[in-house]
Amino acid sequence: MPRALRADAARNRDRLAAAAAELFGRRGLDVPLEEVARQAGVSIGTLYNHFPNRDALCEAVFPERLAGLDRLAERALADPDPGRAFDAFLYGLCEMQAADGGLNESIARHPPGTVDIDAECGRAPLPISVLERARAAGAVRADFGPERLVALIWAMSAVISYAGDQAHPWQEHLRLSLAGIRVPEPCSCAAPQATCQDQLGE
C-alpha cells in the first residue's frame, strides 16, 4: 500500500496538478514543465519528485478533467430519446474539447498521444453505450460502429483546433456529420417517396 504523503507534499502535488490543468487547457500539452512548476509555486525538482515525466503529470490531470464526460454520457443514457441523446452527447463532448485545449489536443494526438484516454481513464464504455443504444433504436446507421465514432471524435478535434475560438465551424461540421450518421425519420408528406427524396437532395 502506497505511503500517504505528508501534508506539505500533498499540497504541492495538488498545486502542481491544478497548475497543469489550467496551463494545459489554455496553452496545450507542450507547455514547458518549468512554467507549471513556477505557476504552482514550487521548484522543477519538486515537480519531478511527484511526476517523473510529462505523461505522469497528464495522467494525474485528465481523469479529473474527464469526469464531465461521464456525466455527459449518463445524461444521454437517461434521455428517453436515443437519437436525440446521441446528438446531445457529441455536441456536449465537442463543447468540452473546444473549452479545453489540453483535452482536445490529447484526443487529437491519440494514437500516438501523450494520454491514452480510453486506457488511462476507462471512459470508453459509457460513450459506446450511448452509440449502441442509438443504433439499437434505429436512430443511427447500423454500420456506424465504435471505431467510426472514435474516428469522428478525432476528426472533430482537428476541426476544433483549426477553428480556434470560433464555435460555428465545428458546430456546422458536426451537424453535417450527424446528418450522414443518423437514420432519417420517415417522411410524412403526401408526395411520392421518390419525389420526397429528390427534394431532400436539393
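It should be emphasised that the depicted structure is a prediction, and the values quoted were computed from it without experimental measurement.
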| task | Show your reasoning for whether side chain to side chain contact (heavy atoms under 4.5 Å, CB included) applies to Tyr48 and Asn53. | result | CA-CA 7 Å; Tyr48 283 120; Asn53 52 48; 5.7 Å; no
| task | Take Leu131 and Phe144, measure what side chain to side chain contact (heavy atoms under 4.5 Å, CB included) needs, and give me the verdict at the end. | result | CA-CA 9 Å; Leu131 167 62; Phe144 189 81; 3.7 Å; yes
| request: Determine, stepwise, if the pair Leu47 / Asn12 fulfils side chain to side chain contact (heavy atoms under 4.5 Å, CB included). | output: CA-CA 8 Å; Leu47 184 150; Asn12 286 341; over 6 Å; no
| query | Given Leu16 and Val42, is the side chain to side chain contact (heavy atoms under 4.5 Å, CB included) satisfied, shown in steps? | reply | CA-CA 8 Å; Leu16 284 163; Val42 302; 3.6 Å; yes
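Side-chain contact between His173 and Pro169 is absent, with no heavy-atom pair separated by less than 4.5 Å. Phe51 places none of its side-chain heavy atoms less than 4.5 Å from the side chain of Val36. Here the side chains of Leu174 and Asp87 are not in contact, with every heavy-atom distance at 4.5 Å or above.
Under the 4.0 Å criterion applied to side-chain N and carboxylate O atoms, Asp143 and Arg148 are assigned as salt-bridge partners. With respect to Arg38 and Glu34, no salt bridge is recorded, no charged nitrogen being found less than 4.0 Å from a carboxylate O.
Between Leu23 atom CG and Gln39 atom CD the span is 4.0 Å, to the nearest 0.5 Å. Put simply, CG on Asn104 and OG on Ser161 are 6.0 Å apart, with the number rounded to the nearest 0.5 Å. Atoms CD and OH, from Gln171 and Tyr91 in turn, are 7.0 Å apart once rounded to the nearest 0.5 Å. Separating the CG atom in Leu149 from the CZ atom in Phe89 is a distance of 7.0 Å, to the nearest 0.5 Å. Expressed to the nearest 0.5 Å, how far CD of Glu95 lies from CG of Asp100 amounts to 13.5 Å. Remark: Met156 CE to Ser177 OG distance equals 6.5 Å, nearest 0.5 Å.
Note on Phe24: it clusters hydrophobically with Ile44, by side-chain heavy-atom contacts below 4.5 Å among ILVMFWY residues.
Remark: side-chain polar atoms of Arg26 are not paired, donor with acceptor, to backbone N or O of Gly101 under 3.5 angstrom. A distance-only check finds no donor-acceptor pair linking the side chain of Arg182 to the backbone of Val140 [under 3.5 Å]. At distances below 3.5 Å, not a single donor-acceptor pair connects side-chain atoms of Arg75 with backbone N or O atoms of Asp70. Checked by atom type and distance alone, the side chain of Ser157 pairs as donor or acceptor with a backbone atom of Trp154 at under 3.5 Å.
Under the rule for a side chain to side chain donor-acceptor pair (under 3.5 Å), the partners of Glu132 that lie at least two apart in sequence or sit in another chain are Arg135. Residues passing the side chain to side chain donor-acceptor pair (under 3.5 Å) test with Arg175, sequence neighbours excluded: Glu172. For Arg27, the side chain to side chain donor-acceptor pair (under 3.5 Å) test picks out Glu35, with sequence neighbours left out.
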